[in-house]
Structures are given as C-alpha cells and as structure tokens.
Amino acid sequence: MLHSDTARAVIDHALFLGADFAELYVERNRSSQIELLSSQVDGINTGIDFGIGVRLFIGDRVLYGYTNQTEREELMRIATVLLARDGRDARAEAVPFSAPGRIDVHPSELKLSETPSLEDKIRYLKIMDQTARAQGKAIQQFVGKVLQREQEIEVFNSEGIHQQDTRHYTRIVSMAIAQDGDEQATGYEMPGALQGWEFHRNMDPVRLATEAATSALRKLGADDCPSGELPVVLGNGFGGVIFHEACGHLLETTSVQKKASVFHDQMNQMIATPVVNAVDDGCIKNEWGSLNIDDEGMPTERTQLIENGRLVHFMVDKMGEQRTGYRRTGSGRRQDYRFAPASRMRNTFIEAGESKLDEMIASIDYGIYAKKMGGGSVKPGTGEFNFAVREPYLIENGKISKPLRSATLISTGPKVLKEISMVGTDFELAAGMCGSVSGAIPATVGQPSIKVDRILVGGQSE
Amino acid sequence: MMTPDESIAFILREVTAAGAQGDAIFNQNSTLSFKVEDGALSEYKVASGQSISLRVVRNQRVGTSYSESFESEQLSAMVADALLNAQFTKDSPHETIQVSNVRIAQGTDVAVADDITVETKIDTALRLESTLKQKAIPASAPYNGLTETVRTVRVANTLGTDCTHSDTQYACYTSSLIDQDGQQAMHYSMRTADSFSELDVDGCLDEAYETSLDLLRSESLKTGRYDAIFSPDCLASLFAAFGIFVCGESAMKGLNPLRERIGETVGHSALTILNVPQPSGGMRSRPFDDEGHPTQTTTIIEDGTLKSFLHNSMTASFFSVPNTGNASRGGSGLKVAPQHLHILPSNTVDRRLHEGTYLELISVDGMHSGANAISGDFSVGASGYLCKDGERIRAFRGVTVAHNFYDMLRLIKAVGHEAVWNSRRSLFAPEIRFTECNIAGE
C-alpha cells in the first residue's frame, strides 16, 4: 500500500531530526453493513477507510500524526511538525527493512473484497427474521445485521520491521423486540469471528434468532431484580466480561506504566483465589480477538496472566516494554490509523475449572444466576468496575426459580477476584468490542460459569 | 488525487449520469492534541483527515457508501458500490433527495486560526497534571489531555444544494487520582469551548480534584429509594442513552416507545424540552443539517405533553409533518439526531428542589451497557453526595442507581430555575429532582 522507498525516506528523515524510533502504520479498511428491519433490507452501507499513522519516540514520549495521503512530502511534513519542538542531532540509526513478512494462521475463504455475497447474506437475515417472529405473537420487531470488514495493514519501523497482514472480520447481529401492552423487552445475540463470510456456516440462523426471541419473551413480565450484596453465578461465555473489566484492563501496561492500575506493583503476588487461572491469547484460530501480528508488527502470542491466583504477566506493547521492562507480548493494538497503539486485550479468559454449573446453583440459598451479560466499564486507577446482566434469574433454595429484569453488578477488581469460589467446566468464548485509549477493537471474553460469593447487585427492587 | 471541490463535482456528475439522485457529505478535520505524564508531554498528536460519504436514490431505492481516498478510481468505485447497494434495499418512497438549491456558505461559528502559540497550549496541558501534584494531598493525573479540532463540513446534492460550515473546538480533560492509606479515588472532568481563551481549565482541575478528595472519604449508602438530582454530565449521559425517544426515525421503525403518544402527557407538567440548533454557548452549532436543510428550534415536550419528534426529510414525509432539520448521516444511511437539547428552567424558585434528604449524582458509570433504550430500564454504578436541605452531608460511591427513564419523565418533584451546560455543551438544563430512584448499596 505504501512503497518501501517512501517509508524508508520518511523514517530516515525522522531519525535525522532526532527521533529515537520511527514507525509508519498504513491501513486500508473495507467495510460492509447490511441491516434487515421490519422483514425488509433497510440499508446497505459500504466504505473504504485509508490512512497512514506516523509514530515517533523521543525517549518515553510518543509523537503521533496521521494523514489520508500517501505522498512522501506529506508524510515528511508530519514528521517535521511533530519533531519541531525537539530538534536535535540524530541519535538512532535505521536498520534496513526485512523482507516483507506475512504470517497467516487465520485463513479466510469468502473475503469481502472478492465475494460481497449480498444475496446470500440477505437470505440468511430473512431466515432469522422469520424464525424470530415465529417464536410468539409478542415478537413485534426483529433487527438483523451482517457486518463484515477487511483490514489490510502494513507496518514499517526504524528497527527493520516490514510486516503486512489482512484481517477478515465477520459479525452477525440478531435482535428481537417483544411487546406486551406498554412493556417492551429485547434479546440479542452477536457472534463474530476473525473470518470471512464462511463464518455463517457454523452459525445456525435458526438458533441465533430463537435465542434472541426467547430471551426477549422471557423478560416480558419478569420481576424486578433484587438489590444488595448477593452471591452470583456468572454464566459462561460473555460472563467473562467480569474478568475483562475487573482485571484485564488493569493488567495492560497502558495503565501499569503510569501506575494507574491497582495491580501495577503486584507482580508475583496472589491477586485472586487459587482457583483462578487467566490467559490473554491472540493465537486462537479465527477467534474474534485473534491476530497474526499486532499493530506494531510483532507476531502475537498466548500470555498467561494469572496462574493459580498469582499474577505472572502483564500485556505489554513496545512502549510498555520500554517503560516497565516487562517482555513484549504482541499486544500493541489500535482501532485504526487515527490512534497510536497501546497494550490491549485480545482473547481474554478465565480457564476451565472443576465445578459443575448445577453444583454452583445448588450451593446458593438466595442469589442470582446471571446467564447472559452485557458490556461494562472500569476505572483502572481504583479498580471500580460495572457490567450489565441482560438475562438474570433468581436462585432460591439451590434452584433457579424465575427470570428477572436486567440489572448491573459493581465491585472492584481486587475485591471480586478474591470472591470467586467456584470455577466451572463449561468453558466458552464470546465476541465483543472493547473501547480504551487506542479506540474500539475486537476483543473476545470468555470463561466457564463461575460463582462469586458476594457482589453488589443493582436491581430495580429494594 | 482530487481536491474536495473536484471530488464532490465528480461524484455528483457520476450519480446523475447513472440516472440517480444523490447527496454527498464532505468532512475534513485537523487536530492538535497533547497528553502529559511526569511533567512532560507523553503524546503530541498532529493529524488531518478527510472523508466523503455518498447517498444515492434510484428507482425509490437507497444505497450508501463512503471513502477516505480521493483518487478518481476510488471515488468511481464508491459511486458504483452505492448504486449496487441500492439494488438490494427495500422500496423507500419516503426517502428522496428533497433539499433543493439551499446555499449556505458559512455558519455562525467561523473557524478562525487563533494567535495562541503552541507553547502556550503545551503549558496549559502541563498544568492539567502539575496543579494536581502540587495540592496539599497530591493527586496524579493518569488520564489528561488538551485537544484543538478544526472541522469543515460540506453538504451538496444533485438538486443544487451546496452548504459549507467550519468550526473550531477546544477541549481539556483530566482525571484526579488520589491514593492514600491504601484507598484510591478518581474523578474525571472535562471542559469544552469554541475558543482557547474561554476554556475553563481551572474549573476542570478544581472539579476533578475536589471531587476525588471527597470520594476518598466517602462511604456507601443504605439500599433504598431516594430522590436524586443528576449533575449536568449525568443528565446528559441519561438523555443520550435514551435519545431515541426524541427521534422520528425510531418512531418510524417501531422502536420508539413514545411513537403513538404525540399529543399525550408523557412527562411532568414542569417538563419542557426543546431542540435548539445554534444556541449561545453550544458546541458544534450549524445552520444546516446533513441533508443541507436549514436547522430550526423544535419543541419536543411542552409542559409534559409530547408535541413533536425530530425529523429529517424521510421521517417528515412518512408522518406528513414538517422537516425539523435534524438529518444526521455520518458515514452511513440517513438518521435523525438532536443538535442541542434544552430543558427549560422553572420561572420561579421551587423550594421542593432542595428540601429534605436527596442525592446529588456526580458520576454514573456503565450507561452504555446498563440502559435499555426501548424498555427504559437502566441500572448503573454511581457516586455523588448525600444532601439535606441544600447542603452536601457526605460523599458516597460504590452504589448502583436503577430506574425507568420513561417513568422518570413523570416522577419529577421539582425543576430548578437556572439552566447550565454539561461539559460537552450538548445539553442545557436546570437541576431536576427525580423521585423513586432505586439505590443498591449497603
């Protein structure tokens, strides 16, 4: 996408002006979204994003700029402007680019640029629509979407890196709205993968629509969720958002390096109960949060974060390594060329344990089974987090007794990790989007069902 | 590569040649931003970007596409994609290119390059951290920054409409993190302005520090029902989460819970809500919307009665009502969005506003995930102050607040007589005391 001579000239120019490190991130992003509403194709939108990010280091300082233009003069102008205040003699010497590398362990078959598959996608959405509406007269509306993205990236840097990659993302949205009088309720499923449109072959549209519709129907007439500190069983899959918010963000060097994480000085210490083992793995084949290389051009890896309750590693990008001394983990990620990369999660999960879901439910006299979770957020400096329960059930006398309306759970990371008493065997992953300093990126959360002995449940009833 | 003028003319020509109508939005941004850490700049960002977004209508069908590349080949591909997309969409008799021959050359917020030096801006950014470190109980500022953005928007269509507007926005933010005796508290604060000299940096710093100090000494609350006044930013967050209730587009699609309630009472009699496109003190004001239609003030709720939704040309046609100039398109299809919401203050001082015990909410966390815009239910983390008779008694945090937004519009005890902006200047509202907020705490 960018001639290597141009990249070479810009990097040399930046080093000549005193930069310690120079990097160019070139991106072309092709996107497509098809939306079905009221049983009709409501809209189709496609687009091309293209831009180049210029990142320079002066010591521990990051200088960043971007443009939509590929001309050498424009890129050199950005480097000149960025370094205008820090002009000094050259300190670093550029290393010749290696032969362009291309690792591809996440193959894709039906690529957006080659096969838009519009008719096929519309057919798929219509099956979901018909299926959802057939679940009951109370299903008043169905929204289905297919989102597909093909992201080509190319990274050059002054240390000789020249890497290329093409990432194919597909996500399917199935959302049903049920109504009874003035009361409305929603249910949704949103699976995704680092894969082309062939992803849909493993995603039964009937199942996706049925699950969304039955979830919406169950919530109609559901009782308010109780409030207060209660034992909670968090369902598998997207339940892993608890670890993502409670702990994951606090283990990124993005917050560790500025001591804005409550775990910044806890390496090799017990930060969770011994039943907790946590991993951030960028290598799982075709998984939503996987990568071939990160956005700094480094091959990604599987990183054990917590082992039997003990903190054993952070997620580390290039600047994180420079600032903290911890080894890089291929975790430098960004939404697009508009953002400088930062250490971010990929596929982050608590590993399977030995307990059965039934045993966890049976161990609770009065509490909540949070079968399906929504998103959340965290303040890394204090560890205070929140996340939504979109499908809660009441547990009474060791049994699930009835569905409840949605609620929020809040706590702090250090506290909740020490309240996990049981970890299940039913491990599952789920796709989501994670927003942070370097924008919104695809990230997978995951876990087996887990039991938290006490957490604050914010429901509608006292 | 083509210039913006050439690009717009080129794609509208191609659309016309294909027997279609169309409109294009051109966006251009230049940004200068700084972040600070340990007394020095940790990030210095200089950026420029541009994009063009196209909507075509042919045979009553609509397709959209966008491009950040201004090469003629890419622009032709964008037009072809939009026309192809239109072949597969539903018949949309109400969505047409309607805004004819509107020409607005510049808005009221003319972008003027200021004469403030970069060094002065950097010194200001450095202050976002150093001031907090110099306090009696020092605080760090792990997240801070100063941003200057100059933006140009141009809307043109095949019916001769061509409108251009530029504006400048400054923003500063900081987070005060205090770590004392094993306890941590953090509060984030932000300010925006359309000129550098009007940026309230001291107010941003004071709010962040004083609040984090109070939160450090905070306790939880007893679980129960409370009256609550949301801070301007919390109120803006609440109205943003449930923004579909003002939109004709969501009503048209059957997603707006108030869609059948025009002319009915939906809120307390003290509640009047307007959309105001170019208010004094607002940010990102514009005299035209994303279809090029002139913007206007619209009354949404008056004395508790739902008077109108906000409309673009499509939803106005669907409901056979006037277009309110609220088209919004971004990089995709035609939508509706408010410009600035105004909640009118009371004409008189209502003593019930601060009477007895109530909560002042200063932070709500998780509105993006804990709110269901269709059902109106929300449950989010919260912090703030327990108040009595107008005085803050103590700070609290680590609680949740849950309610139903559509019920809240009715469950109002009192409305203040003075309106203020939220930090992003999107909502101008007085204090509103809502009843029956469910708090989960101790």
Side-chain angles (χ1 to χ4, degrees), chain A residues 33 37-38 40-51 60-69 78 81-82 85 118 122 140-141 177 183-186 227-228 255 258-260 262 338 340 374-377 379 381-382 384 386-388 405-408 410 456-462, chain B residues 1 37 40-50 62-70 74 78 81-82 85 88-90 118 140 142-143 175 177 184-186 223-225 253-255 257 331-333 365-366 368-370 372 374-375 377 379-381 397-402 438 440-441:
Chain A
Q33 176 175 323
L37 180 88
S38 303
Q40 295 180 304
V41 179
D42 192 59
I44 302 177
N45 187 50
T46 50
I48 301 279
D49 302 275
F50 178 82
D60 288 345
R61 195 176 339 147
V62 175
L63 312 176
Y64 196 77
Y66 65 78
T67 178
N68 302 119
Q69 300 176 36
I78 288 174
V81 171
L82 289 173
R85 295 184 62 254
L118 288 176
I122 291 166
Q140 295 290 305
Q141 184 58 285
I177 300 166
E183 187 185 358
Q184 289 189 318
T186 58
S227 303
S255 54
K258 52 176 84 168
K259 297 180 181 163
V262 288
R338 295 175 186 84
S377 64
K379 290 179 183 168
T382 62
E384 295 166 294
N386 64 81
F387 59 98
R405 292 165 78 180
S406 43
T408 284
I410 67 167
L456 186 62
V457 179
Q460 299 275 357
S461 83
E462 293 180 46
Chain B
M1 196 172 77
E37 194 176 338
L41 286 186
S42 60
E43 186 176 299
Y44 176 28
K45 196 167 180 179
V46 177
S48 63
Q50 56 186 18
V62 181
T64 55
S65 189
Y66 70 92
S67 177
E68 291 183 343
S69 170
F70 282 53
Q74 291 291 340
M78 179 180 73
D81 278 353
N85 294 341
F88 291 92
T89 56
K90 66 180 181 186
V118 171
S140 60
Y143 304 98
S175 53
L177 172 61
Q184 299 88 23
M186 188 165 88
T223 296
R225 304 258 179 197
K253 292 179 174 178
L255 302 173
S332 61
D365 301 315
H368 67 293
S369 57
N372 185 324
I374 292 170
S375 70
D377 289 341
S379 171
V380 294
R397 63 172 164 165
V399 307
T400 65
V401 56
N438 194 52

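Numbers restart at 1 for each chain; the letters A, B, ... are given by sequence-line order, proteins then strands. Below, all heavy atoms of this structure are taken into account, side chains as well, without hydrogens, waters or symmetry copies.
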Where on [X] is there a heavy atom nearer than 4.5 Å to chain B: the side chain, the backbone, both, or neither?
| X | value |
| --- | --- |
| A:Arg405 | side chain |
| A:Ile122 | side chain |
| A:Gln140 | neither |

Could you have a look at [options] and say which one has the most heavy-atom pairs with chain A under 4.5 angstrom?
| options | answer |
| --- | --- |
| B:Val118, B:Asp377, B:Leu177, B:Val380 | B:Asp377 |
| B:Met78, B:Gln74, B:Lys90 | B:Lys90 |
| B:Ala185, B:Gly254, B:Gly366, B:Ser175 | B:Gly366 |
| B:Gly224, B:Ala47, B:Ser48 | B:Ser48 |
| B:Pro142, B:Gly398, B:Ala440, B:Ser379 | B:Ser379 |
| B:Pro257, B:Gly63, B:Ser67, B:Gly381 | B:Ser67 |

Part of [X] within contact of chain A (heavy atom distance under 4.5 Å):
| X | answer |
| --- | --- |
| B:Arg397 | side chain |
| B:Asn372 | side chain |
| B:Ile374 | both |
| B:Glu43 | both |

Highest number of heavy-atom pairs under 4.5 Å with chain B: which of [options]?
| options | result |
| --- | --- |
| A:Ser255, A:Ser38, A:Gly376, A:Ala340 | A:Gly376 |
| A:Tyr66, A:Phe387, A:Phe50 | A:Tyr66 |
| A:Glu183, A:Arg61, A:Gln184, A:Gln460 | A:Gln460 |
| A:Val457, A:Leu456, A:Leu37, A:Thr67 | A:Leu456 |
| A:Val81, A:Thr382, A:Val262, A:Ile177 | A:Thr382 |
| A:Gly374, A:Gly228, A:Gly381 | A:Gly381 |

- Look only at the side chain of B:Ser375 and the backbone of A:Ala185, and say whether a donor-acceptor pair between them is shorter than 3.5 Å. no
- Message: Looking at A:Lys259 and B:Ser140, would you say the former's side chain and the latter's main chain have a donor-acceptor pair under 3.5 Å?
- Response: no
Checking side-chain polar atoms at under 3.5 Å, does [X] have a donor or acceptor matched by the opposite partner on [Y]?
| X | Y | result |
| --- | --- | --- |
| A:Asn45 | B:Tyr66 | no |
| A:Ser227 | B:Asn438 | yes |
| B:Ser69 | A:Asn68 | no |
| A:Asp42 | B:Thr89 | no |

- Item | Nearest heavy atoms of A:Ala388 and B:Gly370, plus distance in Å | CB-CA, 4.1 Å
State, yes or no, whether a side-chain contact exists between [X] and [Y] at a heavy-atom distance under 4.5 Å.
| X | Y | result |
| --- | --- | --- |
| A:Ile44 | B:Ser65 | no |
| B:Ser42 | A:Val62 | no |
| A:Gln69 | B:Phe70 | no |

- Distance col, row B:Asn85:CG vs A:Gln33:CD, nearest 0.5 angstrom, shows 11.0 Å
- Given side chain to side chain contact (heavy atoms under 4.5 Å, CB included), test B:Leu255 with A:Gln141 step by step and report yes or no. CA-CA 8 Å; B:Leu255 302 173; A:Gln141 184 58 285; 3.9 Å; yes
